[in-house]
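Take a look at the structure below.
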Amino acid sequence: MNAELTGHQHLAGQPGTLALLVAGIALTGGVAQLLAAARLRRRGDRWPYARDVCCAAGAAALTAGALATPPGGPFTAHMTQHLVTGMAAPLLLALGRPVTLVLRSLPPPSHRRLLAVLRSRPAAVLAHPVTAALLDVGGLWLLYRTPLFAAAHERPWLSALVHVHVFTAGLLLSVALCALDPPARRHGTALKAAVLVGAGGAHSVLAKTLYAAPPPGTRFAPGDLAAGAEVMYYGGDLVEIALAVAVALHWYTAGGRRLARERRRAAAPPASAPYGQ
């Protein structure tokens with residue numbers, strides 16, 4: 001039997017308890033990061049306020065995605081929520097550099113333990129741009145082109161897991177591509193650009209398939225289905241452009257720092273030879 005959504009569905013289909021829980025976690029995490037940043041500044045460390053703005057915006061986006069009711073039909077509203085929870089909020093949080101903040105806030109023993117985890121082989125595999133893209137876009141294809149979407153609508157616990165995966169995979173992809181926090185290893189800009197183009201193309205193709213046919217086992221009004229697919233297509237393009245700008249700026253600034261170091265080394269006077277040589 002096809003499942004027909006008759007109204008906007010919040011997380012796990014329950015706008016009360018779970019949505020409030022998600023909003024509470026998002027707000028608590030955002031406040032914790034702002035307090036940690038303020039603590040760094042009080043002890044004399046430099047922490048740009050722009051990172052605080054990104055963190056606060058990401059937490060606000062997650063809260064709005066959990067509590068607000070987007071305009072439009074049920075599928076359009078769902079896609080707006082997906083865009084905020086799985087793409088916009090993760091990018092904003094990644095720009096806030098949460099891992100760097102945690103590392104700088106921890107005492108030395110805890111700092112070393114966390115750094116060892118980040119440099120471990122499992123973390124390196126998970127944080128690889130290709131792995132992150134497969135988890136993110138592959139999960140979306142599984143959700144929308146199999147009966148999983150309809151099953152999640154009927155089972156609140158499954159819907160909760162789906163939303164957790166969408167956010168976590170989106171955050172992992174943003175962190176892997178922006179490469180602002182200490183990763184297990186650095187990846188070339190060419191690889192990150194190729195992953196971004198491939199993931200963006202797969203996301204756009206998925207949106208086009210949804211324009212033509214709803215997720216298996218569901219029914220939506222044609223206008224609602226088309227509007228939701230357009231939100232996914234054009235909204236996804238906007239976030240991917242922002243992500244591409246972040247990747248390009250990171251490449252540009254890293255290249256500038258490398259060039260400045262080379263110039264300083266070239267301008268430094270040669271070391272004098274020891275007396276008698």
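Excluded from the calculations below are hydrogen atoms, water molecules and symmetry mates; all remaining heavy atoms, backbone and side chain alike, are included.
- Of all the heavy atoms in T146 and P216, the pair that sits closest is O-CD, 3.5 Å.
- Side-chain contact between H128 and L191: present, with at least one pair of heavy atoms (C-beta onward) separated by less than 4.5 Å.
- Put simply, V53 and V245 are part of two different groups of oily side chains (I, L, V, M, F, W, Y) that touch within less than 4.5 Å, one to the next.
- The two residues A88 and V239 come nearest to each other via the heavy atoms N-CG1, 4.2 Å.
- Distance CG/L114 to CG/L118: 4.5 Å, rounded to 0.5 Å.
- The closest side-chain heavy-atom distance from F220 to L210 is not below 4.5 Å.
- At a threshold of 4.5 Å between non-hydrogen side-chain atoms, the residues F149 and P214 do not count as touching.
- In this view, S174 satisfies the side chain to side chain donor-acceptor pair (under 3.5 Å) rule with no residue, not counting sequence neighbours.
- In this structure, L135 is not a member of the same hydrophobic cluster as V130, with clusters built from ILVMFWY side-chain heavy atoms closer than 4.5 Å.
- Checking side-chain atoms of W47 against main-chain N and O of D52 turns up no donor-acceptor pair under 3.5 Å.
- Take Y144 and apply the side chain to side chain donor-acceptor pair (under 3.5 Å) test, not counting sequence neighbours, and it matches H78.
- Atom CG of residue L35 and atom CD of residue Q33 lie 10.5 Å apart, to the nearest 0.5 angstrom.
- Taken to the nearest 0.5 Å, the CG atom of D224 stands 4.0 Å off from the OG1 atom of T76.
- Screening residues 102-111 for side chain to side chain donor-acceptor pair (under 3.5 Å), with sequence neighbours left out, gives S110-R113.
- Within a 6.0 Å sphere centred on CZ of R121, heavy atoms belonging to other residues, nucleotides or ligands number 12 at most.
- L206 and V166 fall within a single hydrophobic cluster, where Ile, Leu, Val, Met, Phe, Trp and Tyr side chains are chained together by heavy-atom contacts under 4.5 Å.
- Listed here is the closest heavy atom pair of V195 and A133: CG1-CB, 3.6 Å.
- For the pair T28/V31, no side-chain contact is recorded, criterion being any heavy-atom separation below 4.5 Å from C-beta on.
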Can you give each donor-acceptor pair under 3.5 Å made by side-chain atoms of residues 229-238, sequence neighbours left out, with the distance rounded to 0.1 Å?
none

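- By the 4.5 Å heavy-atom criterion applied to side chains, P98 and D181 are counted as neighbours.
- Atom CD1 of residue I25 and atom OG1 of residue T63 lie 10.5 Å apart, to the nearest 0.5 angstrom.
- Here the shortest heavy-atom pairing between E154 and P156 reads O-CD, 3.7 Å.
- Note that CE of M79 and CG of L225 are 8.5 Å apart. Values are rounded to the nearest 0.5 Å.
- The shortest non-hydrogen separation linking A246 to L95 is CB-CD2, 4.1 Å.
- Looking at heavy atoms from C-beta onward, L180 lies out of side-chain contact with T100 at the 4.5 angstrom threshold.
- Of the possible donor and acceptor atoms, one in the side chain of H163 sits under 3.5 Å from a partner among the backbone N and O of S159.
- Linking ILVMFWY side-chain heavy atoms closer than 4.5 Å, directly or via other members, places Y211 and L143 in two distinct hydrophobic clusters.
- Grouped with F167 in one hydrophobic cluster are L62, L93, L171, V175, the linkage being side-chain heavy-atom contacts under 4.5 Å among Ile, Leu, Val, Met, Phe, Trp and Tyr residues.
- Nearest heavy atoms, V137 versus A202: CG1-CB, 3.4 Å.
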> L126 and L172: side chain to side chain contact (heavy atoms under 4.5 Å, CB included), yes or no, with the steps?
Replying inline: CA-CA 8 Å; L126 193 62; L172 185 63; 3.9 Å; yes
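- Taking CG of L173 as the reference point, atom OG1 of T168 lies at 12.5 Å (rounded to 0.5 Å).
- Under the 4.5 Å side-chain criterion, counting only non-hydrogen atoms from C-beta, H153 is not in contact with T218.
- The list of ring pair (Phe, Tyr, Trp, His ring centres under 6.0 Å) pairs with a residue in residues 188-210, not counting sequence neighbours, reads H82-H203.
- Considering only heavy atoms from C-beta on, L158 comes within 4.5 Å of L148 through its side chain.
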